[in-house]
Protein chains: 2
Amino acid sequence: MPYLNQCTQIPEPVDCRILTAALDLFVETGYHKVSIHEIQRRANVSIGSIYNHFGGKEGVARALHQHILRELEDMIERVCSGIDSPLHCCEAIIAKLFEHTETHRNIIAFAFHAKHSDFLPDEPLLYHSAPFSRMRSIVEKGMARGEIREMNSWVATSSVFGGAIRLIQLRLDGVIDEPLSGLHEQLMDAILGGVLPGRSPKKTAAR
Amino acid sequence: MPYLNQCTQIPEPVDCRILTAALDLFVETGYHKVSIHEIQRRANVSIGSIYNHFGGKEGVARALHQHILRELEDMIERVCSGIDSPLHCCEAIIAKLFEHTETHRNIIAFAFHAKHSDFLPDEPLLYHSAPFSRMRSIVEKGMARGEIREMNSWVATSSVFGGAIRLIQLRLDGVIDEPLSGLHEQLMDAILGGVLPGRSPKKTAAR
DNA sequence: GTCTATACGCTGATAGAC
DNA sequence: GTCTATCAGCGTATAGAC
């Protein structure tokens with residue numbers, strides 16, 4: 001997560017301070033309940049600067065949105081770079097998402113827990129964004145290679161990632177009180193082999 | 001869906017007109033972008049009436065929230081009433097949710113597509129509400145009976161319902177342009193038998 | 001580029017007649 | 001119970017000094 005992480009260094013560039021302050025506030029309070037004045041206060045900048053850099057509150061949200069989608073995309077690219085099997089790629093993505101849920105909580109929360117269409121109506125749907133399209137195309141490649149059974153690609157993608165995303169949301173809401181990494185193996189068993197008893201896939205079979 | 005459906009009859013009670021108008025507006029536009037004035041206009045009532053009945057906009061949302069959760073709970077109870085197997089119960093719930101996504105779109109959208117904590121911060125989390133607790137306890141019973149492999153109950157519940165909920169959201173957003181009922185069988189195969197090839201569970205096995 | 005002070009519109013909420 | 005008219009507060013956006 002390159003850019004927003006640089007913000008922990010000094011001196012922090014103004015636009016970066018604004019973005020991190022806005023990210024934190026949006027996640028904590030919800031976009032609509034956050035005023036520009038709060039962002040301004042938390043970021044230690046003036047309202048004028050916010051308008052100069054982003055053109056307003058919605059502009060901040062849009063910049064944040066695009067920034068985080070790009071970081072997610074980069075993450076997927078990085079994680080999958082050395083992996084040939086699409087199925088292992090999916091597994092690695094889920095593991096990394098679980099990891100980021102602990103280490104980059106607000107970024108994951110903004111990506112998976114916010115309803116972007118509520119405040120960025122003109123932005124294309126999240127499902128059509130690069131990282132989510134990428135996940136779907138990986139699943140499709142898995143089907144083409146015979147690693148994943150043939151089925152409707154939305155069903156396949158939802159089956160592979162739906163449970164993981166749900167767990168992430170539960171973790172973000174504090175319903176699950178342990179890091180998700182401890183649940184990763186069980187989840188992968190359920191995704192690959194289903195929930196019926198006596199069908200747990202031998203780990204070697206998928207590797 | 002007893003009460004809100006009565007609103008299609010005449011004469012429509014005032015509080016019901018308010019709730020249906022608010023539901024439609026909240027789903028179409030998002031809670032925060034809807035003003036009381038709009039609800040008042042769409043429902044053909046006065047602002048005073050809204051305050052008399054619900055005490056304000058948030059009161060309307062809270063009534064809607066509780067109402068819809070109760071309807072979901074009733075639906076689950078009804079659907080599972082004649083079914084003994086927890087696993088078949090889950091399957092029937094998913095089928096019914098898919099059906100309602102077409103026939104009671106806004107009710108499903110409000111339940112599964114809104115971020116309630118954004119406008120009802122004091123309400124308990126959706127995951128702790130009756131219908132969602134019910135789903136989880138059904139899954140747990142399935143594990144106790146040996147119909148579902150033993151695993152963490154959050155993982156199990158997310159594995160059983162996570163994909164379905166994701167598909168519902170895709171359908172609500174118009175990303176999937178066919179009724180979900182046509183995807184139900186494929187999804188159940190993936191849930192029960194996993195996504196690996198050659199593992200499709202014989203339908204008879206689960207029945 | 002950055003800041004402060006100000007203006008304007010909208011929204012939630014109330015008061016009081018019927 | 002229902003309605004209309006009105007108010008007070010807040011949040012966005014701008015203007016203009018530095």
Side-chain angles (χ1 to χ4, degrees), chain A residues 3 6-7 10-65 114-123, chain B residues 3 6-7 9-65 67 114-123:
Chain A
Y3 193 62
Q6 285 175 8
C7 299
I10 44 171
E12 312 170 8
V14 175
D15 58 344
C16 176
R17 278 216 312 276
I18 295 172
L19 286 180
T20 44
L23 173 63
D24 294 345
L25 285 169
F26 289 165
V27 169
E28 288 168 20
T29 325
Y31 175 83
H32 291 282
K33 287 188 183 170
V34 176
S35 73
I36 292 205
H37 294 274
E38 287 176 271
I39 299 174
Q40 169 245 351
R41 214 176 308 141
R42 168 107 48 138
N44 269 311
V45 294
S46 68
I47 291 190
S49 289
I50 294 178
Y51 276 90
N52 267 329
H53 279 275
F54 302 103
K57 184 172 132 183
E58 191 176 320
V60 174
R62 185 170 295 114
L64 210 49
H65 179 82
K115 197 164 182 307
H116 301 95
S117 57
D118 268 5
F119 50 91
L120 294 175
D122 294 335
E123 212 69 21
Chain B
Y3 194 63
Q6 286 174 8
C7 299
Q9 303 169 2
I10 41 170
E12 311 169 9
V14 174
D15 59 343
C16 176
R17 278 217 311 275
I18 295 172
L19 285 180
T20 44
L23 173 62
D24 293 346
L25 285 169
F26 289 165
V27 169
E28 288 168 21
T29 324
Y31 175 84
H32 286 98
K33 287 187 181 169
V34 176
S35 72
I36 289 207
H37 294 272
E38 288 176 271
I39 299 174
Q40 170 245 346
R41 214 175 307 140
R42 169 103 53 136
N44 269 311
V45 295
S46 68
I47 292 190
S49 288
I50 294 178
Y51 277 89
N52 266 330
H53 279 275
F54 302 104
K57 184 173 133 183
E58 191 176 321
V60 174
R62 184 169 295 116
L64 212 47
H65 179 81
H67 185 73
K115 197 163 181 308
H116 300 94
S117 57
D118 269 5
F119 51 90
L120 293 175
D122 295 335
E123 212 68 22

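Residue numbering restarts at 1 for every chain, and letters A, B, ... go by the order of the sequence lines.
- C:dC10 atom C1' lies 15 Å from atom CD of B:Gln40, rounded to whole Å.
- To the nearest angstrom, P of C:dG1 lies 12 Å from CZ of A:Phe54.
- In this structure, of C:dT2, D:dT12, C:dA13, it is C:dA13 that holds the atom nearest to the side chain of B:Tyr51.
- One can place CD1 of A:Ile50 at 11 Å from C1' of D:dT12, the figure rounded to the nearest angstrom.
- Candidate nucleotides C:dT11, D:dA13, D:dT4 were compared by shortest atom distance to the side chain of B:Ser35, and C:dT11 ranks first.
- A residue-by-residue look at A:His37 and A:Gly48 shows that A:His37 has its nearest nucleotide of DNA chain D further toward the 5' end.
- For A:Leu19 against A:Ala63, the heavy-atom pair with the smallest separation is CD2-CB, 4.1 Å.
- Rounding to whole angstrom units, CZ of residue B:Arg41 and C1' of D:dC3 are separated by 16 Å.
- Here A:Asp118 contributes atom CG and A:His116 contributes atom NE2; the two are 10.5 Å apart, rounded to the nearest 0.5 Å.
- The side-chain heavy atoms of A:Asp15 and A:Phe54, taken from C-beta on, include a pair separated by under 4.5 Å.
- Rounded to whole angstrom, the span from the CZ atom of B:Phe119 across to the C1' atom of C:dT11 amounts to 18 Å.
- Candidate nucleotides D:dC3, C:dG12, D:dA13 were compared by shortest atom distance to the side chain of B:Val45, and D:dC3 ranks first.
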Exercise for the section: Please report the C-alpha distance between A:Arg42 and A:Glu38 in whole Å, then the side-chain angles of each, then the deciding distance to 0.1 Å, and finally whether the salt bridge (charged side-chain N to carboxylate O under 4.0 Å, His left out) criterion is met. Expected result: CA-CA 6 Å; A:Arg42 168 107 48 138; A:Glu38 287 176 271; over 6 Å; no
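- Here the side chain of B:His53 is nearest to one of C:dA13, C:dT2, D:dT2, namely D:dT2.
- Comparing D:dT12, C:dT4, D:dT2 against the side chain of A:Lys57 picks out D:dT12 as the nearest.
- Of the side-chain N and O atoms in B:Ser46, none sit less than 4.0 angstrom from OP1 or OP2 of D:dT2.
- Distances from the side chain of B:Asn52 to the nucleotides D:dT14, D:dG1, C:dG12 place D:dG1 closest.
- To the nearest angstrom, C1' of C:dA13 lies 14 Å from CD1 of B:Ile39.
- D:dT6 atom P lies 14 Å from atom CD1 of B:Ile47, rounded to whole Å.
- Note: NE2 (B:His32) to P (D:dT12) measures 12 Å, nearest angstrom.
- Between B:His32 and B:Phe119, the ring planes lie perpendicular to each other; the angle is over 60°, past the 30° to 60° tilted range.
- Considering only side-chain atoms of A:Ile36, the nucleotide from D:dA13, C:dT2, C:dG12 that sits closest is D:dA13.
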